[in-house]
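In what follows, a structure is listed as structure tokens, so that the remarks can point back to it.
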Protein chains: 2
Amino acid sequence: MAQSDTVDRILDAAEELFADRGFSETSLRMITSKAKVNLAAVNYHFGSKNALIHAVFARFLTPFSATLENAFNDLEERCDGHPPTLNQTLWALTESAVRMPQRNENGISIFMRLLGLAYTQSQGHLRKFLEQEYSQPFSRFMRLLKEATPQLSAVDRYWRIQFMLGATAFTMSSSDALRDILQNKLGVETTVQEIAARLVPFLAAGMQAQDTVLMPSLSEAPVA
Amino acid sequence: MAQSDTVDRILDAAEELFADRGFSETSLRMITSKAKVNLAAVNYHFGSKNALIHAVFARFLTPFSATLENAFNDLEERCDGHPPTLNQTLWALTESAVRMPQRNENGISIFMRLLGLAYTQSQGHLRKFLEQEYSQPFSRFMRLLKEATPQLSAVDRYWRIQFMLGATAFTMSSSDALRDILQNKLGVETTVQEIAARLVPFLAAGMQAQDTVLMPSLSEAPVA
DNA sequence: GGGTGTCTCAAACGTATGTTTCAAACAGAC
DNA sequence: GTCTGTTTGAAACATACGTTTGAGACACCC
């Protein structure tokens with residue numbers, strides 16, 4: 001077995017278990033027994049549980065951020081001069097995610113769920129790791145969003161980006177939806193591609209909604 | 001101290017700590033020491049940590065679901081006959097949440113964050129508890145959504161509701177956003193009311209977006 | 001074939017967790 | 001005041017966790 005497929009077995013098992021149950025709720029003993037590997041192997045190969053979490057993310061994110069850079073390059077070149085539209089930007093991101101080579105048929109949904117958890121579970125170390133390692137493609141995406149929605153105020157744009165992230169990460173990370181996808185419970189169509197095809201128009205419409213209005217009746221209501 | 005403000009002190013501390021750090025990451029010892037209460041008090045008054053979690057939710061959700069029922073009653077009465085619009089339905093929900101009497105000035109944001117966590121952290125027992133206890137107002141909200149968007153296919157509607165839930169729960173559960181709200185980092189305006197005022201138009205626009213389209217270029221792309 | 005570095009394994013370590021125990025303190029009723 | 005049921009307190013319990021250890025297995029190079 002050459003120099004150790006132990007590492008990959010651990011990463012595979014960890015990825016799946018983390019996506020299923022979250023980080024704190026997944027113990028090293030679960031991971032190593034699912035991976036059919038000795039408990040000490042994790043600390044030997046990765047150093048710590050936190051470092052294992054980082055490795056799980058890096059294995060997907062590093063090639064993904066390269067793919068994404070290329071997609072953005074292509075897009076900006078095609079547009080030569082004027083900034084890409086919101087739809088173009090969102091599609092560039094979506095296609096990059098969807099077309100990534102995957103280890104198995106559920107690769108994306110698992111990873112989307114992990115990304116959602118990363119944002120949601122307040123694991124400080126993970127946050128820090130992701131910000132350090134992948135700030136570049138993230139900032140670039142933000143810049144494209146900004147140029148594609150010049151009509152929005154900075155505050156509006158900030159919150160609407162939060163909403164987009166939320167709809168995306170949450171949908172992909174909802175264990176119910178994940179289970180539906182995996183088991184095809186919904187019947188008709190449940191590939192990640194098709195969810196994305198529904199999500200992008202939703203996001204674009206929300207992002208370009210008419211200006212924020214005051215709450216209709218709350219103005220004259222007791223605000224506690 | 002009559003028959004025990006210990007219970008309330010525990011609930012207050014638990015609510016805040018859970019919102020800050022999640023459920024698994026918050027130990028009973030953190031809670032009891034923040035509440036200045038003996039460790040055994042939790043198990044004495046609530047029975048178990050899980051039961052404490054349920055109690056934290058019930059303290060807010062029970063009055064809230066009553067308020068919500070009233071809001072829906074008012075709304076349907078006002079509309080007498082034809083179904084309420086999407087905007088009316090969303091505002092009814094939002095106002096009910098925002099106008100709930102609160103224990104302190106951050107009551108809503110804390111509780112929104114808890115709701116997000118409930119959806120996101122796969123705590124089976126919590127899911128089961130919430131479904132059992134509060135299925136009625138939830139189903140009613142779903143029915144109203146359905147009647148307000150008759151133009152959508154069932155599948156489209158299903159996914160768009162997922163997206164709405166996602167944008168909402170995720171935004172409310174993002175610890176960064178919460179911190180922004182609490183510390184007013186963004187400057188201008190960051191109350192939950194104002195976030196809601198930005199969120200509802202986003203959701204309504206997304207919900208009513210033009211029909212889902214195929215991915216522009218993925219059709220001729222290798223789908224891996 | 002002896003030596004070297006890499007990897008695996010079973011066992012143990014220290015610590016933190018949720019929960020339990022049981023005696024002491026307290027309240028209100030008689 | 002004494003009794004009774006309820007609530008607190010300090011300590012211990014059993015268990016699970018992440019991590020470390022040290023001996024053994026294995027492959028490779030000289």
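Residue numbers start from 1 in every chain, and the chains themselves are labelled A, B, ... in the order their sequence lines are given, proteins ahead of strands. Predicted model only: the values in this text are computed from it and were never measured. Atoms considered below: every heavy atom in the structure, side chains included; atoms not considered: hydrogens, waters and symmetry mates.
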- Query: Dot-bracket for DNA chain D, 5' to 3', with Watson-Crick and G-U pairs under 3.5 Å, [ ] for crossing pairs and | for other-strand pairs: what is it?
  - Reply: |||||||||||||||||||||||.||||.|
Rounded to whole angstroms, how far apart are [atom1] on [X] and [atom2] on [N]?
| X | N | atom1 | atom2 | value |
| --- | --- | --- | --- | --- |
| A:I10 | C:dC9 | CD1 | C1' | 13 Å |
| B:I31 | C:dA16 | CD1 | P | 17 Å |
| B:I53 | C:dT19 | CD1 | C1' | 15 Å |
| B:E25 | C:dT17 | CD | C1' | 13 Å |
| B:D5 | D:dT7 | CG | C1' | 12 Å |

- For B:Q162 and A:T171, test the side chains for any donor-to-acceptor distance below 3.5 angstrom and give the result as yes or no. no
- Item | Pairs involving residues 61-72 of chain A, ordered by first then second residue, that meet salt bridge (charged side-chain N to carboxylate O under 4.0 Å, His left out) (sequence neighbours left out) | A:E69-A:R140
- Taking only side-chain nitrogens and oxygens of B:T6, does any of them come within less than 4.0 Å of OP1 or OP2 of D:dT7? no
- Query: OP1, OP2 of D:dT6 versus side-chain N and O of B:H45: anything below 4.0 Å?
  - Reply: no
- Message: Assess whether a salt bridge exists between A:R198 and A:E194, defined as any Lys/Arg side-chain N lying under 4.0 Å from an Asp/Glu carboxylate O.
- Response: no
- Query: Charged N to carboxylate O under 4.0 angstrom, B:E15 versus B:R9?
  - Reply: no
Partners meeting side-chain contact (heavy atoms from CB on, under 4.5 Å) with [X] (sequence neighbours left out):
| X | answer |
| --- | --- |
| A:L61 | A:F57, A:F64, A:F111, A:L130, A:Y134 |
| A:S33 | none |
| B:E16 | B:K34, B:I110 |

Write out a two-atom table: protein N or O, nucleotide N or O from nucleotides 16-21 of chain D, distance below 3.5 Å.
from	atom 1	to	atom 2	distance (Å)
D:dC17	OP1	A:S27	OG	3.3
D:dG18	OP1	A:K49	NZ	2.8
D:dG18	OP2	A:L28	N	2.8
D:dG18	N7	A:R29	NH1	2.8
D:dG18	O6	A:R29	NH2	2.8
D:dT19	OP2	A:N43	OD1	3.3
D:dT19	OP2	A:K49	N	2.8

- With the side chain counted from C-beta on, respond yes when B:M172 and B:L115 share a heavy-atom pair under 4.5 Å apart, and no when they do not. no
